[in-house]
Enquirer: 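Take this structure, written in structure tokens, and hold onto it; I'll ask about it next.
Values below: every heavy atom of this structure, side chains too, minus hydrogens, waters and symmetry copies.
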Amino acid sequence: MFAFLLITLWFFCEIANHLPTNVLSYDVYGAYLHLPANFIYKDSFLIDWSWIETMNEKYNSTPTYYQFWSADTGRQVIKYPLGFAVIYAPFFFIGHWLAPILGFEQDGFSAPYHFAVIIGHCVYVLLGLWMARKVLLHFFSERLTALLLLILFAGTNFFFTTTASLAMPHGHLFLFYGLVLWFTIQWHKNQSWKNSLLLGASIGLAALIRATEIIIVIIPLLWQVQDRKSLLQKWQLIKQEKHKLFGLALLVAAIGSIQLIYYKLATGNFFIDAYNNAGEGFDFARPYTWQFLFSARKGWLVYTPIFIFSCFGFWLMYKRNHKVTYALLVFSLVNLYVLSSWTCWWYAESFGQRALVQSYLVLLIPMGYFLRYVNQQKLALKSTLFGLILLFVAFNQFQTWQMHRGLLHPSRMTKDAYWAHFLAIQPVRHFTDLLLVDKDVPAHERLNDPNSNLKLSQKLSFVFDGAVWQKKEAFNKPFIGASTNNTGIYSQDLVIPYADLTNQENVIFRFEAWVYCDGNPQDILPRVVVKMRHKGKPYYDHYIQVENLNEIRPYEWSKVELIFYSTDVRNRKKDEMQIFGWQAGQGAFKLDGIKIEVFEGLR
């Protein structure tokens, strides 16, 4: 109990030191938006976009509206699941009630709502730690449980994620992992309706917060399965309690149907790809597991090395044929596989791999068995290993301090940058040059910088022969031109495999083309479009709005240019660059004489 109270005090002190100016921003803004949309603006499907823009201008919640997805119905769909809104609704209503009393507007975003969400975050994190304590006490002594909780809080990125990334899903999902484990334990003691429904509600809410958390069902399914005999016994138990398990499954489905009904009403379909971006998704055939675990950018065991003890703990549990080994190990491996298969495997800006934080309680159990084993060894080995634990805890706290001081970057770290600031307390010169490229710096500025290390690595030229695009070493006018008109607003496209351009992930492209406007460009509104495609589906594009260029004249060929960065290419071997003309107005124009130069040398 003392450890829990110490963690609670430390938790509040840390949050007070890093209180955000606006917690209702970026991802949290998207997840939270269901609440004001439904209960204040009565606009569940965002038909009236004006209040979104008004509130964003007032509170500066997001620089872009990436939180939304445009449905074919014309409605804007919030791509974040409803789970956050469901569990934070009580705190939203408290903030809504307090707003006029405290002299604030009841607009869903003023200070009372902001602090209500922060309080909700604190409540769920502390409840999660309390549930973790209850679960760990089922396996271990009070002293070992206290040590495990202190390791979790002080020795892992749970600390940074719950104290500096407030209201992100990992903190409140940690609670639901604790609930699932606890009610799994209780159900296997007593297969009552109460335990069945509470287990079902915990699984359902976890999946409503984040759909991939449905894999947590592996734990109750394999609980106490350790060999063929126990597997048959589990099957008999399932058949014996089939009515209660059907009720459990029905409750999970009922909770999940909340999201499906929202999608159906908003889009006409029960199932949608809310990200709607071919450049981001699961690549199960080629997961990024090595980078996920060991890269300097976000390697889990680089930034949270203490969990190596959980790996040893799994080995000990397996050797001793512990009855929950398979449930925890199979879940952990599947979870690792799923999370590392996401193409954005670094999960944007965070300290270490935040995507694993909610499942840390699962990993604390094998760590506990390892620590209990260590405690039974000779003094020299025991002292060495416990000294190593203290070192890992201190290392985590130091790297957390570095993150807050800007000595570690939350998304652009490289091996050179990591080692340049390893154990550093002051920034080294030119540290930013060691990071992955900052694409907020305009590409043309970087390309024209005489101090850049960029080198021309590839030059490709293409002309249109009247039927198809042909690759040429050089070309001269006059051109034939791939044309558009009022009946065919898109020209013949040019498709180039990314592998033919470069094998590097980050490059700068200098793109040139010639256009011919058969009339006034202001009437034709010609566009030159450059897209990236994965399996034929576009996921990133650039446009040249030709009519805005001063040098464009009607009835003559004019050159246009675009300098841009490569995007986060999903598959460098299979993705393609697509180039074509698009006529947004009335008239006709032609596109020809395309030249692409590739400059490598970016990190």
Enquirer: With under 30° as parallel and over 60° as perpendicular, where do the rings of H404 and F160 fit, or are they tilted in between?
Expert: tilted
Enquirer: Looking at CZ of F422 and CG of L407, how far apart are the two atoms once the value is rounded to the nearest 0.5 Å?
Expert: 13.5 Å
Enquirer: Would you sort out whether S44 and N38 count as a side-chain hydrogen bond (donor to acceptor under 3.5 Å, both in side chains), showing the intermediate values?
Expert: CA-CA 5 Å; S44 303; N38 280 278; 2.5 Å; yes
Enquirer: Quick check: Y41 with W51 (ring centres under 6.0 Å apart)?
Expert: yes
Enquirer: Of the non-hydrogen atoms in C517 and I524, which two are nearest, and what is the gap between them?
Expert: CB-CD1, 3.9 Å
Enquirer: How about W290: does its CH2 atom have over 12 heavy atoms from other parts shown lying under 6.0 Å from it?
Expert: no
Enquirer: Taking the six-membered ring for Trp, is the centroid-to-centroid distance between F84 and Y88 below 6.0 Å?
Expert: yes
Enquirer: Just do the side-chain hydrogen bond (donor to acceptor under 3.5 Å, both in side chains) check on Y288 and D283 with the steps written out, would you?
Expert: CA-CA 9 Å; Y288 306 87; D283 276 351; 3.1 Å; yes
Enquirer: Please determine whether side chain to side chain contact (heavy atoms under 4.5 Å, CB included) holds for the pair H534 and K537, giving the CA-CA distance in whole Å, both sets of side-chain angles, and the decisive distance to 0.1 Å.
Expert: CA-CA 5 Å; H534 177 73; K537 296 181 179 180; 5.8 Å; no
Enquirer: Parallel, tilted or perpendicular: which fits the ring planes of F479 and W514, with parallel below 30° and perpendicular above 60°?
Expert: tilted
Enquirer: Please check if atom OH in Y26 has more than 12 non-hydrogen atoms from other residues, nucleotides or ligands closer than 6.0 Å.
Expert: no
Enquirer: Any sub-3.5 Å donor-acceptor pair from R210's side-chain atoms to L208's backbone N or O?
Expert: no
Enquirer: Show your reasoning for whether side chain to side chain contact (heavy atoms under 4.5 Å, CB included) applies to F589 and Y516.
Expert: CA-CA 5 Å; F589 87 100; Y516 181 94; over 6 Å; no
Enquirer: Would you check, one step at a time, whether the test side chain to side chain contact (heavy atoms under 4.5 Å, CB included) holds for H542 with L562?
Expert: CA-CA 9 Å; H542 290 278; L562 179 66; 3.5 Å; yes
Enquirer: Should we say atom CD of E53 is surrounded by more than 12 heavy atoms from elsewhere, each under 6.0 Å from it?
Expert: yes
Enquirer: Do other residues, nucleotides or ligands put more than 12 heavy atoms under 6.0 Å from K58 NZ?
Expert: yes
Enquirer: Please check if any side-chain donor atom of E213 sits under 3.5 Å from a side-chain acceptor atom of Q358, or the reverse.
Expert: yes
Enquirer: Within a 6.0 Å radius of atom CZ on R286, are there more than 12 heavy atoms belonging to other residues, nucleotides or ligands?
Expert: yes
Enquirer: Please give me the minimum heavy-atom distance between Y418 and A296, naming the atom from each residue.
Expert: CB-CB, 4.1 Å
Enquirer: Kindly determine whether N486 and Q583 satisfy side-chain hydrogen bond (donor to acceptor under 3.5 Å, both in side chains), including the steps that lead there.
Expert: CA-CA 8 Å; N486 293 336; Q583 176 185 307; 3.0 Å; yes
Enquirer: Checking the side chain of N506 only, and the main-chain atoms of R603 only, is there a donor and an acceptor separated by less than 3.5 Å?
Expert: yes
Enquirer: Under the 3.5 angstrom rule, does the side chain of H170 hit a backbone N or O of S359 as a donor-acceptor pair?
Expert: no
Enquirer: Answer yes or no: is there a donor N or O on one side and an acceptor on the other, between the side chain of D575 and the main chain of N571, under 3.5 Å?
Expert: yes
Enquirer: Say whether, by atom type as modelled, one donor and one acceptor occur between the side chain of S566 and the main chain of V507 under 3.5 angstrom.
Expert: yes
Enquirer: Taking the six-membered ring for Trp and the single ring otherwise, decide whether the centroids of W345 and F282 are under 6.0 Å apart.
Expert: no
Enquirer: Should Q76 and W69 be marked as a side chain to side chain contact (heavy atoms under 4.5 Å, CB included) after you check the CA-CA gap, both sets of side-chain angles, and the distance that decides it?
Expert: CA-CA 6 Å; Q76 293 292 321; W69 175 74; over 6 Å; no
Enquirer: Check whether any side-chain N or O of N335 sits under 3.5 Å from a backbone N or O of F331 as a donor-acceptor pair, and report yes or no.
Expert: no
Enquirer: Test E600 against K455 for salt bridge (Lys or Arg N to Asp or Glu O under 4.0 Å), laying out the working first.
Expert: CA-CA 5 Å; E600 297 180 353; K455 294 181 180 179; over 6 Å; no
Enquirer: How close do Y360 and Q353 get, counting heavy atoms only, and between which atoms?
Expert: OH-O, 4.1 Å
Enquirer: Rounded to the nearest 0.5 Å, what's the gap from NZ on K531 to OH on Y539? Could you check?
Expert: 12.5 Å
Enquirer: Should the pair Y498 and F509 be assigned to parallel (<30°), tilted (30 to 60°) or perpendicular (>60°) ring geometry?
Expert: perpendicular
Enquirer: Give the minimum heavy-atom separation between M403 and L408, together with the two atoms involved.
Expert: SD-O, 3.5 Å
Enquirer: Check step by step if salt bridge (Lys or Arg N to Asp or Glu O under 4.0 Å) holds for E551 and K559.
Expert: CA-CA 8 Å; E551 60 270 23; K559 188 171 72 171; over 6 Å; no
Enquirer: Counting distance only, does the side-chain N/O of K264 pair as donor-acceptor with the main-chain N or O of F270 below 3.5 Å?
Expert: no
Enquirer: Between D518 and Y555, does the side-chain hydrogen bond (donor to acceptor under 3.5 Å, both in side chains) criterion hold? Intermediate values first, please.
Expert: CA-CA 5 Å; D518 194 8; Y555 308 112; 4.6 Å; no
